[in-house]
Amino acid sequence: MTATLHRRDVVKALMQDPTDDLLVIAGLGQCTWDITAAGDRPQNLPLWGGMGGTVMIGLGLALAQPRKRVLVITGDGDMLMGLGSLATVAAQRSANLAIVVLDNEKFGETGNQATHTAPVAAGPSDRGAGTDLTAVARGCGIADCATVTAEAEVAQLVRDARAKAGPIFRTVKVMVETLPAAMPPKDGAHLKDRFRQAVLGAA
Ligand SMILES: Cc1ncc(C[n+]2csc(CCOP(=O)(O)OP(=O)(O)O)c2C)c(N)n1
């Protein structure tokens, strides 16, 4: 199936009119740029180039800040590297955690190499499908998992990601696009400090 959703439109919708209690953790590469294109804010923690730990950072934050909503927005490459984290998310059952994977079936930032979510040439004894991240999350024990492929599903995706009792997991199939980078601040210590201050206050 050919994806039709534009990642920036989906992320803009997910981050529309954010309250201060919406903490957004973005995976490396394009997701970092996507959340910044939607509007840089101290409650955003873009991971820039750190790969594989986005969901675990989101989970830790959700456990530490149970009254705030934690929204993880990451790519299929990052998610594939950190698959084990989904089992821990399931075990912890954090009601305030939503995970949205923008699945373009590529390692976008490094030149669009195919990831394991991309279909592979079918051999005689397989069905040629790539890894289904929604099925993986469900198999790990996250009860509320779904795949979003159509524009008509985006409004519900946003409602679920922003407010539904979690943990929720959504794979969003998005087009392969080369988009202008929207750069957040580059200094990691600054990003961490401003995020910490936004979450905990000045103390
Ligand atoms: C540990 C590690 N390995 C490799 C890289 C190089 N790298 C940077 S971005 C990226 C691709 C990320 O792919 P994905 O998470 O699917 O994001 P998108 O396609 O949305 O850009 C890779 C492999 C890295 N930053 N860290």
Side-chain angles (χ1 to χ4, degrees), residues 1-15 24-40 44-61 70-89 97-120 129-137 140 142 145-149 151 153-154 157-158 161 168-189 191-192:
M1 199 190 80
T2 309
T4 56
L5 289 172
H6 294 281
R7 56 189 304 140
R8 290 263 164 105
D9 293 346
V10 173
V11 172
K12 199 170 159 196
L14 284 167
M15 297 182 67
V24 180
I25 315 300
L28 77 169
Q30 295 194 88
C31 293
T32 281
W33 304 333
D34 295 336
I35 69 160
T36 307
D40 187 39
N44 287 0
L45 188 61
L47 295 185
W48 266 108
M51 189 167 182
T54 316
V55 168
M56 283 312 251
I57 291 171
L59 174 62
L61 197 60
V70 176
L71 172 58
V72 170
I73 300 176
T74 195
D76 46 302
D78 175 71
M79 189 70 259
L80 284 162
M81 188 176 274
L83 284 183
S85 59
L86 295 174
T88 309
V89 166
L97 177 63
I99 300 163
V100 175
V101 179
L102 302 177
D103 182 5
N104 59 1
E105 302 180 357
K106 307 281 187 199
F107 294 109
E109 195 196 350
T110 47
N112 285 332
Q113 301 88 354
T115 70
H116 294 323
T117 64
V120 290
T131 299
D132 178 345
L133 292 172
T134 300
V136 173
C140 282
I142 300 175
C145 300
T147 299
V148 172
T149 58
E151 180 65 42
E153 300 170 293
V154 171
L157 165 73
V158 171
I168 74 155
F169 181 94
R170 298 290 181 270
T171 302
V172 183
K173 286 289 190 178
V174 294
M175 295 165 63
V176 178
E177 295 178 280
T178 304
L179 297 163
M183 303 280 194
K186 282 190 178 148
D187 183 339
L191 281 173
K192 182 262 292 173

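Atoms within each ligand, like the ligands themselves, are counted from 1 in listed order. Every value quoted in this text rests on a predicted model; they were computed, and no experiment measured them. Along the sequence shown, residues are numbered consecutively beginning with 1.
- The number of heavy atoms from other shown groups lying within 6.0 Å of CD (Glu151) does not exceed 12.
- For atom 19 (O) of ligand 1, the closest non-hydrogen atom of the protein is Gly108 N, 2.7 Å.
- Under 4.0 angstrom from ligand 1, the non-hydrogen atoms of Thr110 all belong to its side chain.
- Across Phe107 and Ala114, no two heavy atoms sit closer than the pair CE1-O, 3.8 Å.
- Residues Leu47 and Thr32 come closest through the heavy atom pair N-OG1, 3.5 Å.
- Of the polar atoms of Asn104, at least one N or O is found under 3.5 Å from an N or O of ligand 1, judged by distance alone.
- In this structure, Arg7 counts as a contact residue of ligand 1, since one of its heavy atoms falls inside 4.0 Å of the ligand.
- Here the protein heavy atom with the shortest distance to atom 13 (O) of ligand 1 is Phe107 CA, 3.6 Å.
- Pairing each heavy atom of Leu191 with each of Leu45, the nearest pair is O-CD1, 4.1 Å.
- Contact between Asn104 and Met175 at its shortest, heavy atoms only, is CB-O, 3.9 Å.
- Rounded to the nearest 0.5 Å, atoms CD1 (Ile25) and SG (Cys31) are 12.5 Å apart.
- Under the 4.0 angstrom criterion for non-hydrogen atoms, Gly49 is in contact with ligand 1.
- From the protein, the heavy atom lying nearest to atom 17 (O) of ligand 1 is Gly75 CA, 4.1 Å.
- Atom 9 (S) of ligand 1 has as its closest protein heavy atom Glu109 OE1, 3.0 Å.
- Residue Asp76 approaches ligand 1 through these ligand atoms, each under 4.0 Å from one of its heavy atoms: 16 (O).
- Here Thr110 contributes atom OG1 and Met51 contributes atom CE; the two are 7.5 Å apart, rounded to the nearest 0.5 Å.
- In terms of protein heavy-atom proximity, atom 15 (O) of ligand 1 is closest to Asp78 N, 2.9 Å.
- Residue Thr115 places no N or O, backbone or side chain, under 3.5 Å from any N or O of ligand 1.
- The protein heavy-atom contact nearest to atom 14 (P) of ligand 1 is Gly77 N, 3.5 Å.
- Residue contacts with ligand 1: Leu28 is included, with a non-hydrogen atom under 4.0 Å away.
- Atom 3 (N) of ligand 1 has its closest protein heavy atom at Met51 SD, 3.7 Å.
- By the side chain to side chain contact (heavy atoms under 4.5 Å, CB included) test, Thr149 is found to be paired with Met1, Thr147, Glu153, Lys173, residues two or more places apart in sequence or in another chain being considered.
- Heavy-atom contacts of Gln30 reach the following atoms of ligand 1: 18 (P), 19 (O), 20 (O), 21 (O) (cutoff under 4.0 Å).
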| task | Evaluate the side chain to side chain contact (heavy atoms under 4.5 Å, CB included) criterion for residues Ile73 and Asp34: first the C-alpha distance (whole Å), next the side-chain angles of each, then the deciding distance (0.1 Å), finally the verdict. | result | CA-CA 9 Å; Ile73 300 176; Asp34 295 336; 5.7 Å; no
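- Applying the side chain to side chain donor-acceptor pair (under 3.5 Å) test to every pair with at least one member in residues 44-53, sequence neighbours left out, gives these pairs: Arg41-Asn44.
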